Amino acid sequence: MQKILTILILLFTLHSTYSQIEQDKVLHFLGGNLYGLVGAGVANEISDGDRTWTFIGAVGGSLLIGLAKESIDQNQYGGWSNEDLLATVLGGVTVGVTIDIFKKRKQRKREQLFKDAIKTADFSSKKIFPTATTEINSLLVLGMTTNVLEK
């Protein structure tokens with residue numbers, strides 16, 4: 001019951017906060033999310049999955065698109081807005097933190113599965129194939145006896 005009450009209070013608080021934020025800032029935040037996701041994906045591929053570079057890519061992607069948008073606004077309308085740039089970069093930071101959290105959880109889960117698999121594996125039973133006494137043919141490689149050929 002306490003969790004439900006906490007969630008409801010949070011939703012009502014966010015709703016009242018959302019009504020105070022300009023629609024333009026929300027669009028900048030969403031744009032920062034999208035381009036932060038693209039930047040994180042590119043940085044993840046280039047750095048072979050390094051978490052730090054993935055986060056930097058998310059922030060960098062949103063910063064680049066924010067600077068581009070504000071420079072276009074400066075050129076067309078004569079108005080540079082640092083608040084819009086901040087909203088765009090915060091969108092990229094949000095994506096970077098979210099990716100980092102889920103990547104860390106996935107890595108911990110994979111490590112736990114590996115540890116569980118090693119505990120249950122039995123490495124003591126090694127099969128020795130009779131290579132010195134029997135001629136190796138394709139049936140032995142498949143695990144079949146040569147009695148099949150005799151029929």
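Given the structure is predicted, the values throughout are model-derived calculations rather than measurements. Position 1 is the first residue of the sequence; numbering continues from there.
Under the 4.5 Å side-chain criterion, counting only non-hydrogen atoms from C-beta, Val97 is in contact with Phe55. Two residues are said to be in side-chain contact when any heavy atoms from C-beta on lie closer than 4.5 Å; Ile99 and Leu37 meet this criterion. Side-chain contact check for Leu34 versus Val38: every heavy-atom pair is 4.5 Å or farther apart. The shortest side-chain heavy-atom distance between Glu83 and Leu86 does not fall under the 4.5 Å cut-off. In this structure, Asn44 and Lys103 have side chains that are in contact, with non-hydrogen atoms separated by less than 4.5 Å.
A continuous path of Ile, Leu, Val, Met, Phe, Trp and Tyr side chains, each step under 4.5 Å between heavy atoms, connects Val59 with Ile101, placing both in one hydrophobic cluster. Using a 4.5 Å cut-off between side-chain heavy atoms of Ile, Leu, Val, Met, Phe, Trp and Tyr, with links allowed through other members, Leu63 and Val93 fall into the same hydrophobic cluster.
Between His28 and the choices Asp24, Val26, Leu30, the side-chain contact (heavy atoms from CB on, under 4.5 Å) rule is met once, by Asp24.
For the atom pair CD1 (Ile72) and CG (Leu67), the distance works out to 11.0 Å, reported to the nearest 0.5 Å. Distance check: Asp100 CG to Thr52 OG1 gives 8.0 Å after rounding to the nearest 0.5 Å. Lys69 NZ to Asp84 CG: the interatomic distance, rounded to the nearest 0.5 Å, is 7.5 Å. Between atom CD of residue Glu70 and atom CG of residue Asn75 there is a gap of 12.0 Å, rounded to the nearest 0.5 Å.
The backbone N or O of Trp80 lies less than 3.5 Å from a partner atom in the side chain of Gln74, making a donor-acceptor pair.
Heavy atoms only, all atoms of each residue included: Gly92 and Ala58 are closest at O-CB, 3.6 Å.
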